[in-house]
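Step one of this worksheet: look at the structure below.
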Amino acid sequence: MIGTVESSAHTSAPVLAAYSYCEAVTGQQARNFAYGIRLLPTPKRRAMSALYAFSRRVDDIGDGELAGDVKVARLEETRALLARIQDGAVDEDDTDPVAVALAHAARAFPIPLGGLDELIDGVQMDLRGETYETWDDLKVYCRCVAGAIGRLSLGVFGAEPGARGAERAPEYADTLGLALQLTNILRDVREDAEDGRTYLPADDLAKFGCSAGFGGPTPPEGSDFAGLVHFEVRRARALFAEGYRLLPMLDRRSGACVAAMAGIYRRLLDRIERDPEAVLRGRVSLPGREKAYVAVRGLSGLDARHVTRRAVRKRA
């Protein structure tokens, strides 16, 4: 069971202002994420916005234009701030609205804030320029920057009391995070290459003749780029199938939020599969009307019911 968040009438003005700031950050920058959390009741939506705003701060340090040593210092400052939040040492009148909102959310919900330490670890891996030989290596990174976000979000959603297999909910949330991150990696392969980053496993790149990288709008000469993309798409689909087992364990609106966010990424995956080279020409995205349709589908519970039926068939 999750805790009950105070109503707005019993929440102080500084805390409400802090949440408003985090929701503004989320609305302006979250894109796909914002479509999902709109489906949540106010307390959960605010808590998710606080998580997003803190995570965005960490990501922006890693992706910004600061010198490397300054980025390292800023990340350590952010880790120290997180420690203050975990220790209950952030007051409502603190000057940092993200810290105020996240501290309040952490008191209201059982959020495993250590996941944000993992996110900082993942961004530090980026700063070190780490590359990944195998999928098992890449999974370590993906668990830091995305699986941890899944587990943090589950702290806000909470599993339904008595839900079958609920003890595995954190595992499924983690796996769904991996599915989303692998989709991100495929979508951003050209953009990341231009920033000097390679995430896809070196073993996979070699297998499909893509070790030369992706510095232009066309695949490396002689490579099977479509084969590489289809291979990674199948891997992502398997992760989605496993992670979707989380949906029947959530209440209706939390399940709708997860289904909406995951559904948007699954549709991105469909587009990438149909035209693999599109990711080399520019960023693949969904129009707003399609995102809205996915959100409505999530709210209807169609995805959760589909997952439940499949699970029942497997047990039969």
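All figures in this text were calculated on a predicted structure; none of them were measured in a lab.
- Between Arg235 and Asp204 a salt bridge is recorded (basic side-chain N to carboxylate O distance below 4.0 Å).
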Full working for side chain to side chain contact (heavy atoms under 4.5 Å, CB included) between Gln29 and Asp59: CA-CA 12 Å; Gln29 303 185 41; Asp59 286 340; over 6 Å; no
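- Contact record, Ala50 with Val98: O-CG1, 4.3 Å, taken as the closest heavy-atom pair.
- Taking 4.5 Å as the limit, some side-chain heavy atom of Ile61 sits within range of a side-chain heavy atom of Lys71.
- Across Ser285 and Leu268, no two heavy atoms sit closer than the pair CA-CD2, 3.6 Å.
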Residue pair Phe240, Tyr265: steps toward the ring pair (Phe, Tyr, Trp, His ring centres under 6.0 Å) verdict: CA-CA 10 Å; Phe240 273 116; Tyr265 278 86; 7.6 Å; no
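- Looking at every heavy atom in both residues, Thr78 comes nearest to Val58 through CG2-CG2, 3.9 Å.
- Ion pairing between a basic and an acidic side chain is recognised when a charged N comes within 4.0 Å of a carboxylate O; Glu191 and Arg283 show such pairing.
- Residue-environment remark: CZ (Arg79) exceeds the threshold of 12 foreign heavy atoms within 6.0 Å.
- Closest of all the heavy-atom pairs between Phe109 and Pro43 is CE1-O, 3.9 Å.
- Residues Glu92 and Ser12 approach most closely at OE1-OG, 2.7 Å, considering heavy atoms.
- Between the side chains of Tyr199 and Asp126, at least one donor N or O lies within less than 3.5 Å of an accepting N or O.
- Checked for salt-bridge contact, Lys139 and Asp136 meet the test: a charged N lies under 4.0 Å from a carboxylate O.
- A salt bridge between Asp270 and Arg237 is present, with a side-chain N of the basic residue lying under 4.0 Å from a carboxylate O of the acidic one.
- Ion pairing of Asp63 with Arg197 is present here, as a side-chain N (NZ or NE/NH1/NH2) and a carboxylate O approach within less than 4.0 Å.
- Within a 6.0 Å radius of CZ in Arg289, other residues, nucleotides and ligands contribute 12 heavy atoms or fewer.
- Contact between Cys144 and Glu118 at its shortest, heavy atoms only, is CB-O, 3.3 Å.
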